[in-house]
Q: 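Can you keep this structure in mind? I'll have questions shortly.
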2 protein chains.
Amino acid sequence: MFFKNRITRFNYLKMVSNTEENYLKAIFKISEKETAPASTNAISTEMHTSAASVSDMIKRLAEKDLVLYEKWKGVTLTKEGKKIATNLIRKHRLWEVFLVDKLNFSWDEIHPIAEELEHIKSTKLVQHLDEFLGFPKFDPHGDPIPDEHGNFTFRKQVQLSEFKKGKGIIIGVDEHSTQFLQYLDRLSLTLGTSIEIIEVIDYDGSVRININDNKEQIISNKVAKNLFVKPI
Amino acid sequence: MFFKNRITRFNYLKMVSNTEENYLKAIFKISEKETAPASTNAISTEMHTSAASVSDMIKRLAEKDLVLYEKWKGVTLTKEGKKIATNLIRKHRLWEVFLVDKLNFSWDEIHPIAEELEHIKSTKLVQHLDEFLGFPKFDPHGDPIPDEHGNFTFRKQVQLSEFKKGKGIIIGVDEHSTQFLQYLDRLSLTLGTSIEIIEVIDYDGSVRININDNKEQIISNKVAKNLFVKPI
DNA sequence: AAATATTTTTAGGTTAGTCTAAAAATAAAT
DNA sequence: ATTTATTTTTAGACTAACCTAAAAATATTT
């Protein structure tokens, strides 16, 4: 008798589907930005599903003790739910490093592939991959890779738009869209690039910068907001 | 409006689910061994699902022109169905090479992981992976890796049980179970090992062999049947 | 050739994950 | 403090992928 995808009386490790994993990740992301419990609406926006679907799913996750849920009051992850979410992020970012460092992908094309790879289940695979990549602490967008316990390396970083004068190094991006990343490539604003603020334009918040002590450039406030810089 | 997992009027590339892919692969495997169309029963055995589920699925695959199907007469893959099946096998085997060559897995633990990895969709990923691995032609079990058109490298190989006298090199295994592969490791019967037949025992078909001109060993007929050898 | 056995299909049900529309609860505005 | 707007939940339906049990077709025996 086969019990493929069927939970038996003897199966204590609860099965978590890819969809459930994605919901947990969405809730984690929302909780990163806000302290309040994640609202149904916020989750439905993040997941591109209807609020009704979210209500449904939340019940199932609560049933499995992956989230805490009180009707009308939003959801928070339990320890176990958070474990799954951070592990997903860990896998996602490790695979992104693999794609860029080993397979020569560029940073603007890796997200959707990592979105699939992050669901591969073997923990041994993650360990070996981590080792193979030299235990990286940040992914190709500068995001920290959590360790196996879900701890993120914290790094002081400032939005370029908040950076009033002086020099800095680009160490991360907030937006991950292909469009934005390709635009950054065109401006040679990649990770590790040094930037000096020449002038912040009051009118619209644009910033005139010098890139790598070499080329002057004006970038919009929107771009500046999406760039994380480490002052030097 | 989002059309995630929804086929729109404008979506000409038909979506094929992981499950559908697995059915196509199962049909391909059956067709490799027999010339007749794959029977419902054979597929249900391969897939560990009921015959009723297979009947159901076959109809859906026929609807999508991935198989040819006449009631009561079994199924054969269309060109498109075969394309998907061989591509899955290609991805499976490339990932197996990756796991062994780059991540130091052993040949007995890679199958289930590759079973998941083979469904990752990006074709660019497969191309880059292939290149990264040095365009391997065989996987860690000695199975040929089809090229992007689904062509397999053919290699003359003989079951050790059919090999009456002389020397040979182990170049493949028929069974892929953990148990069998670990047993082979214990006997140091890995790929590339040289073997000389000393004696075939009439009574039960066991074979007395000399491994790497070094150690004598008796192996059962069952083991011998699952070893592929290239005469030298 | 008839009877029996096997294989395949159909019929009818289940679950996960989605949806829309309507109802209920909460929040915001007058 | 009512009314209005927004958010969330419920109700009811759909599809993919599975199942069991029964019916229908094909194969095998006697």
Side-chain angles (χ1 to χ4, degrees), chain A residues 1-9 11 14-27 30 34 36-64 66-76 84 115-116 119, chain B residues 1-9 11 14-27 30 34 36-64 66-76 84 115-116 119:
Chain A
M1 196 60 183
F2 279 85
F3 291 104
K4 225 175 71 174
N5 301 328
R6 177 86 65 81
I7 290 162
T8 73
R9 186 142 47 105
N11 188 347
K14 63 191 78 152
M15 296 278 93
V16 180
S17 71
N18 287 5
T19 307
E20 287 169 330
E21 287 189 338
N22 286 336
Y23 272 91
L24 293 172
K25 194 175 56 157
I27 296 164
I30 294 162
E34 295 167 43
S39 73
T40 302
N41 252 5
I43 300 169
S44 89
T45 302
E46 182 73 29
M47 291 295 297
H48 305 301
T49 54
S50 71
S53 301
V54 174
S55 262
D56 240 43
M57 176 55 90
I58 285 171
K59 270 177 230 152
R60 257 175 283 155
L61 294 174
E63 198 62 44
K64 293 186 178 182
L66 299 172
V67 300
L68 296 173
Y69 171 54
E70 260 193 281
K71 245 186 235 179
W72 311 101
K73 297 196 173 172
V75 266
T76 48
I84 293 171
E115 208 70 10
E116 295 183 56
H119 294 289
Chain B
M1 196 61 184
F2 278 86
F3 291 103
K4 222 177 73 174
N5 300 328
R6 176 88 63 81
I7 291 163
T8 73
R9 187 141 45 104
N11 188 346
K14 63 191 77 150
M15 297 278 94
V16 179
S17 71
N18 287 5
T19 308
E20 287 170 330
E21 286 189 339
N22 285 336
Y23 272 90
L24 293 172
K25 194 175 55 156
I27 296 164
I30 294 162
E34 294 167 45
S39 72
T40 302
N41 251 6
I43 298 169
S44 88
T45 302
E46 182 73 29
M47 290 295 297
H48 305 301
T49 55
S50 71
S53 301
V54 174
S55 261
D56 240 42
M57 176 56 89
I58 285 170
K59 269 177 231 152
R60 258 176 284 155
L61 294 174
E63 199 60 48
K64 293 186 178 184
L66 299 172
V67 300
L68 297 173
Y69 171 54
E70 259 192 280
K71 245 187 230 176
W72 312 101
K73 296 196 173 171
V75 264
T76 47
I84 294 171
E115 208 70 10
E116 294 183 57
H119 294 288

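Each chain gets a letter, A, B and so on, in the order the sequences are listed, and its residues count up from 1.
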Q: Rounded to whole Å, how long is the line connecting atom NE2 of A:His48 with atom C1' of C:dG17?
A: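 It works out to 17 Å between those atoms.
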Q: Nearest to the side chain of B:Trp72, heavy atoms from C-beta on, is which of D:dT8, C:dT7, D:dA17?
A: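 Selected nucleotide: C:dT7.
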Q: Whole Å only: how far is the NZ atom of A:Lys73 from the P atom of C:dT26?
A: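 A:Lys73 atom NZ is separated from C:dT26 atom P by 8 Å.
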Q: Identify which nucleotide among C:dG17, D:dT9, D:dA17 has an atom closest to any side-chain atom of A:Glu20, counting heavy atoms from C-beta outward.
A: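 Nucleotide nearest to A:Glu20's side chain: C:dG17.
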Q: Between C1' on C:dT15 and NZ on A:Lys64, what's the gap in Å once rounded to a whole number?
A: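 Atom NZ in A:Lys64 sits about 11 Å away from atom C1' in C:dT15.
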Q: Of the non-hydrogen atoms in B:Ala38 and B:Ile27, which two are nearest, and what is the gap between them?
A: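 Looking at all heavy atoms of both residues, the shortest contact is CB-CG2, 4.2 Å.
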Q: Considering all heavy atoms of both residues, which atom of A:Ile30 and which atom of A:Glu46 are nearest to each other, and what is their separation?
A: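 Nearest heavy atoms, A:Ile30 then A:Glu46: CD1-CB, 4.3 Å.
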Q: Starting from P on D:dC14, measure out to CG on A:Asp56 and report it in whole angstrom.
A: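 Taking CG of A:Asp56 and P of D:dC14, I get 16 Å after rounding.
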Q: Would you indicate which nucleotide in C:dC19, D:dT8, D:dA16 comes nearest to any side-chain atom of A:Ser55?
A: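 Of C:dC19, D:dT8, D:dA16, D:dT8 is nearest to the side chain of A:Ser55.
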Q: Need one value for B:Ser53: base, sugar-phosphate or nothing, where a base atom within 4.0 Å counts as base even if backbone is also close, heavy atoms only.
A: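 Base contact.
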Q: A:Arg60 side chain N/O closer than 4.0 Å to the phosphate oxygens (OP1, OP2) of C:dA16?
A: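 It does not, given that no N or O in the side chain of A:Arg60 lies less than 4.0 Å from OP1 or OP2 of C:dA16.
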Q: Less than 4.0 angstrom from a charged side-chain N to a carboxylate O is my criterion; do B:Glu20 and B:Lys64 meet it?
A: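 Salt bridge between B:Glu20 and B:Lys64, a charged N being under 4.0 Å from a carboxylate O: yes.
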Q: So what does B:Thr19 touch, heavy atoms closer than 4.0 Å: a base, only the sugar-phosphate, or nothing?
A: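 B:Thr19: backbone/sugar contact only, no base atoms under 4.0 Å.
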Q: Can you check whether A:Tyr23 has a side-chain N or O nearer than 4.0 Å to OP1 or OP2 of C:dA16?
A: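 Result: no.
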Q: Whole-Å distance between C:dT7 P and B:Ile30 CD1?
A: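 So the CD1-P distance, B:Ile30 to C:dT7, works out to 14 Å.
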Q: By nearest heavy atom, map B:Met57 and B:Ala52 onto DNA chain D; which one lands nearer the 5' end?
A: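 In this pair, the answer is B:Met57.
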Q: Looking only at side-chain N and O atoms, does B:Tyr23 offer a donor or acceptor that is under 3.5 Å from a partner on B:Thr49?
A: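 A pair is found: one side chain offers a donor N or O, the other an acceptor, under 3.5 Å apart.
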Q: Taking CG from A:Asn18 and P from C:dT15, how many angstroms apart are they, rounded to a whole number?
A: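 So the two atoms are 21 Å apart, to the nearest Å.
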Q: Between C:dA16 atom C1' and A:Glu21 atom CD, what is the distance in whole Å?
A: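 Distance check: A:Glu21 CD to C:dA16 C1' gives 15 Å.
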Q: I want to verify a distance call: between D:dT9, C:dT18, D:dA25, whose nearest atom is closest to the A:Thr49 side chain?
A: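 The closest nucleotide is C:dT18.
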Q: Distance check needed: D:dA17 P versus B:Glu63 CD, whole Å only.
A: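 Taking CD of B:Glu63 and P of D:dA17, I get 14 Å after rounding.
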Q: Give one of base, sugar-phosphate or nothing for B:Lys59, where a contact means two heavy atoms less than 4.0 Å apart.
A: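 Counting heavy atoms under 4.0 Å across all strands, the contact made by B:Lys59 is with sugar-phosphate only.
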Q: Which nucleotide in the list D:dT7, C:dT9, C:dG17 gets nearest to the side chain of A:Asn41?
A: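 Nearest to the side chain of A:Asn41 among the choices is D:dT7.
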Q: Taking only side-chain N and O atoms of B:Ser50, does any of them lie within less than 4.0 angstrom of OP1 or OP2 on D:dT20?
A: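 No, no such contact exists.
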Q: Short question: side chain of A:Thr45, backbone of A:Asn41 - any donor-acceptor pair under 3.5 Å?
A: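 Judged by distance alone, yes, a pair lies under 3.5 Å.
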Q: Closest approach to the side chain of A:Lys71, judged atom by atom: which nucleotide of D:dA16, D:dT9, C:dG17 is it?
A: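 Ranking D:dA16, D:dT9, C:dG17 by closest atom to the A:Lys71 side chain puts D:dT9 first.
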